[in-house]
Protein chains: 4
Amino acid sequence: MRRTPPCAGRKGRPRSAEADTAILEATRAALVDLGWSKLTMSDVAARAGVAKTTLYRRWAGKNELVVDAVAILFDELELPDRGSLAEDAQGVVLQFAALLERPEARTALMAVVAESTRDEALRTRIRHAIVDRQKRLVLEGRRRAQERGELPREADESAASRTADLIFDVVAGAVVHRSLVSAEPVDEEWARSFTVLLLGGLAAASRPAPSAG
Amino acid sequence: MRRTPPCAGRKGRPRSAEADTAILEATRAALVDLGWSKLTMSDVAARAGVAKTTLYRRWAGKNELVVDAVAILFDELELPDRGSLAEDAQGVVLQFAALLERPEARTALMAVVAESTRDEALRTRIRHAIVDRQKRLVLEGRRRAQERGELPREADESAASRTADLIFDVVAGAVVHRSLVSAEPVDEEWARSFTVLLLGGLAAASRPAPSAG
Amino acid sequence: MRRTPPCAGRKGRPRSAEADTAILEATRAALVDLGWSKLTMSDVAARAGVAKTTLYRRWAGKNELVVDAVAILFDELELPDRGSLAEDAQGVVLQFAALLERPEARTALMAVVAESTRDEALRTRIRHAIVDRQKRLVLEGRRRAQERGELPREADESAASRTADLIFDVVAGAVVHRSLVSAEPVDEEWARSFTVLLLGGLAAASRPAPSAG
Amino acid sequence: MRRTPPCAGRKGRPRSAEADTAILEATRAALVDLGWSKLTMSDVAARAGVAKTTLYRRWAGKNELVVDAVAILFDELELPDRGSLAEDAQGVVLQFAALLERPEARTALMAVVAESTRDEALRTRIRHAIVDRQKRLVLEGRRRAQERGELPREADESAASRTADLIFDVVAGAVVHRSLVSAEPVDEEWARSFTVLLLGGLAAASRPAPSAG
DNA sequence: TTGTAATCGAGACGGTACGTCCAGTCTTTAG
DNA sequence: CTAAAGACTGGACGTACCGTCTCGATTACAA
């Protein structure tokens with residue numbers, strides 16, 4: 001996560017824990033106010049009441065700092081049991097959309113993804129800190145649906161994994177695209193339509209013969 | 001598209017048309033070599049054999065220039081008739097994925113989207129120059145499928161439009177997410193799985209009772 | 001004075017004589033408003049209602065244009081016969097000082113002199129257009145004084161010329177220095193003190209034994 | 001002298017003293033090589049092995065930097081006791097002329113004076129850094145001459161001050177005008193003629209009745 | 001208690017890019 | 001052939017941030 005292990009040696013003054021919190025909060029605030037490209041390290045330092053040096057002691061640069069600052073936002077996503085797969089799916093779509101309404105999330109997510117197209121280390125960091133952690137939602141949803149009998153239990157482990165990845169890309173991708181690129185609202189109506197499409201597709205995909213009808 | 005209308009008056013030296021081409025080409029080349037964040041206006045000017053002033057006379061800034069430079073790439077997408085809706089869909093998915101493999105496209109697309117989260121004018125520009133123009137692929141595909149009898153003709157105009165938007169967000173979003181965020185290959189296997197999901201979902205959505213089974 | 005002789009050919013649209021006047025006036029106005037370093041050719045052209053091209057057709061550059069524009073100011077200096085050498089001298093000192101009060105003169109004179117330290121052609125131009133033409137005042141004053149019997153007629157031609165040069169440098173130099181460098185007023189009192197010093201010095205210089213007493 | 005007081009607070013990295021020296025030396029070198037108008041801040045920075053930022057941190061602009069850079073040259077002027085007022089005067093004239101032969105001095109002096117005609121702050125800076133400091137030469141010369149009995153001791157303090165100012169303007173003005181405007185050499189012969197004129201004038205001015213003879 | 005060592009704020013440092021401005025040239029249409 | 005308009009190349013301007021560095025001053029743990 002950070003540049004240098006915070007507990008490298010033992011002696012010396014320990015790093016301030018408050019500083020960490022203040023810096024990450026300041027980063028999110030700066031993102032809201034300024035957006036990605038106008039955000040500067042100096043500004044974050046000033047907001048956090050901290051010296052620029054302190055930032056660079058803990059993070060390698062703007063990208064890394066922002067990834068850490070926004071990663072925590074994505075952990076807020078939850079999957080309360082709403083009784084059916086359709087309800088669960090629709091709920092998580094709306095939750096995710098609400099998250100993307102927050103300026104710090106929308107601007108930061110796209111920006112770090114853009115940066116990551118040229119930076120392998122950053123890409124890895126994003127996947128570990130943000131992407132992979134949210135796959136749990138898909139897995140958890142499927143497990144519940146299987147327990148309810150809405151979905152068959154998969155025999156082939158790797159096929160199951162591939163399907164989970166596919167669903168994750170479809171859900172996350174569609175919501176992001178609708179919200180950030182098309183710039184249209186992800187409201188309940190859209191979420192319902194999307195869920196119908198998704199679950200219908202899943203059902204079709206799990207049938208042996210690909211006869212659409 | 002440009003900052004100042006090029007044909008404002010009549011007198012005076014007209015703007016060089018070659019310069020425009022050279023600049024846009026140089027921009028794409030610079031994107032490939034340097035990526036978004038390292039790309040500089042000076043560098044583009046030098047590559048294009050043009051003065052920096054000339055860039056700023058025609059585009060307001062880096063963002064606007066890059067949008068115009070990459071917009072043309074997306075016009076390459078085509079929808080040759082492959083005989084069935086499934087084949088058509090799979091074809092366009094693979095085409096789009098191939099486009100996103102090109103460094104200038106992947107880095108530029110995400111970067112301008114990121115910038116657009118804070119800039120209404122830029123967002124509009126992106127939609128006009130890139131997004132809306134590609135919806136034609138969805139509409140064309142549906143028209144053909146209806147002619148073939150694979151899809152029913154829609155009575156409700158606005159519902160049809162909403163469905164087209166949904167499909168567009170799902171397709172574009174899923175491919176982008178798979179390619180840029182998950183950083184996994186969009187190969188034929190994935191395209192087939194995705195198409196099955198999509199068409200199955202469409203079929204389910206067009207059926208009256210939403211009974212997932 | 002100008003780049004190209006104005007009556008070079010015969011055919012085509014003749015050069016506007018008004019333009020010349022307008023340009024030189026605009027140059028002086030711009031000098032007053034902006035000073036030397038902020039004065040731009042574009043601005044002069046705009047003020048004169050003339051294209052930049054026209055400026056460059058007639059003058060080689062900023063320096064040459066400004067020299068011509070201010071040279072005319074120095075031709076206003078006159079030497080009306082005030083009855084005595086002392087009165088004549090004091091009169092010309094005050095006239096010169098009044099000229100240096102005008103912003104276009106003070107700023108332009110020093111600026112072109114500064115430029116001329118690196119530019120032989122400009123130095124020559126300044127001497128021809130400004131400096132040498134004012135020596136007439138010294139020569140005329142001496143002639144009158146000799147006619148009045150206030151000064152002896154010089155036998156040695158070259159010594160007479162050297163003395164005239166010396167006086168010119170002393171008068172012009174002292175007034176310029178007082179006005180522009182020391183930034184103190186050249187009023188009647190100062191002019192009187194200076195004249196006493198100058199004429200006393202001249203008298204001493206024309207005596208054989210240099211015994212200061 | 002500088003933009004920001006160098007000893008503003010106490011904290012933070014102190015300014016490099018070497019940088020100051022290197023910058024001023026580089027400025028003088030650039031003046032010699034390029035002259036005033038071709039001198040650029042970037043070039044000075046490069047010569048001094050310093051970032052452009054560092055220049056702007058310490059000086060507000062080209063003018064201020066050059067004033068400081070050349071001011072030191074004028075401090076080289078001295079007034080060794082040559083035994084008589086005439087010898088002392090002639091000596092200082094030749095010293096000053098030698099200084100004005102140096103390209104960095106001639107070009108810089110006129111240029112900053114020219115700029116100062118529009119800039120009150122710059123005028124003040126020049127007077128403090130350059131002009132006023134050289135009046136010491138006049139005062140010292142007079143003191144010595146009075147001790148030698150060559151000049152009477154002045155009763156009226158303010159008249160004495162006015163006379164000193166007059167002499168200063170005459171000497172500095174004449175030498176500058178001869179050297180830079182007339183562009184003639186200030187050699188020993190001229191210096192002797194000038195000294196005779198000056199001292200003769202002084203003697204005349206100190207006599208009560210203005211009867212030249 | 002006294003090192004010792006890593007921390008802290010502050011701010012100067014060398015760089016790099018920005019977006020603007022101007023000099024001087026070139027290319028058009030109009031007269 | 002000249003005028004006016006304005007686009008062109010080239011390069012300096014002064015500003016802003018970057019990420020590094022050098023300070024003097026704190027803090028903690030270890031001897």
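Within every chain, numbering begins at 1; the chains are lettered A, B, ... in the order of the sequence lines, protein sequences first and strands thereafter.
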Heavy atoms from C-beta onward define the side chain here; which of [options] lies closest to that of [X]?
| X | options | value |
| --- | --- | --- |
| D:A51 | E:dG15, E:dC22, F:dC18 | E:dG15 |
| B:K52 | E:dC13, E:dG14, F:dA12 | F:dA12 |
| D:Y56 | F:dG10, F:dC13, E:dG24 | F:dC13 |
| B:R15 | E:dA12, F:dC8, F:dA3 | F:dC8 |
| B:T40 | E:dC18, F:dA7, E:dT7 | E:dC18 |

Could you check how far [atom1] of [X] sits from [atom2] of [N], rounded to whole Å?
| X | N | atom1 | atom2 | value |
| --- | --- | --- | --- | --- |
| D:K38 | E:dA23 | NZ | P | 12 Å |
| C:L65 | E:dC22 | CG | P | 16 Å |
| A:W59 | F:dC18 | CH2 | P | 15 Å |
| D:N63 | F:dG14 | CG | P | 9 Å |
| B:M41 | F:dG10 | CE | P | 17 Å |
| A:R57 | E:dA6 | CZ | P | 11 Å |
| D:E18 | E:dA12 | CD | P | 17 Å |
| A:W36 | F:dC17 | CH2 | P | 15 Å |

Query raised in the report: What about A:R13: does its side chain form a donor-acceptor pair under 3.5 Å with the base of E:dC8?
Result: no
Query raised in the report: What about C:S42: does its side chain form a donor-acceptor pair under 3.5 Å with the base of E:dA23?
Result: no
When you compare the side chain of [Y] with that of [X], does any pair of heavy atoms fall below 4.5 Å?
| X | Y | result |
| --- | --- | --- |
| A:R47 | A:D33 | yes |
| D:Y56 | D:M41 | yes |
| D:I130 | D:V70 | yes |

Which part of the nucleic acid, if any, lies within reach of [X] when heavy atoms closer than 4.0 Å are counted: base, sugar-phosphate only, or nothing?
| X | answer |
| --- | --- |
| B:G49 | sugar-phosphate |
| C:K62 | sugar-phosphate |
| C:L39 | sugar-phosphate |

Query - Contact summary for D:N63 and D:W36, nearest pair of heavy atoms - result: OD1-CH2, 2.9 Å
**Report entry** Residue closer to the 5' end of DNA chain E, D:T54 versus C:G61 (nearest nucleotide)
**Finding:** D:T54
Query raised in the report: Between atom CD of C:E115 and atom CD1 of C:I126, what is the distance when rounded to the nearest 0.5 Å?
Result: 9.0 Å
**Report entry** Closest-nucleotide ordering on DNA chain F, the 5'-leading residue of C:V50 and D:G12
**Finding:** C:V50
Query - D:S16 side-chain N/O to E:dC13 phosphate OP1/OP2 under 4.0 Å - result: no
**Report entry** Residue that, paired with C:V44, satisfies side chain to side chain contact (heavy atoms under 4.5 Å, CB included) out of C:L24, C:L34, C:V66, C:L65
**Finding:** C:L65
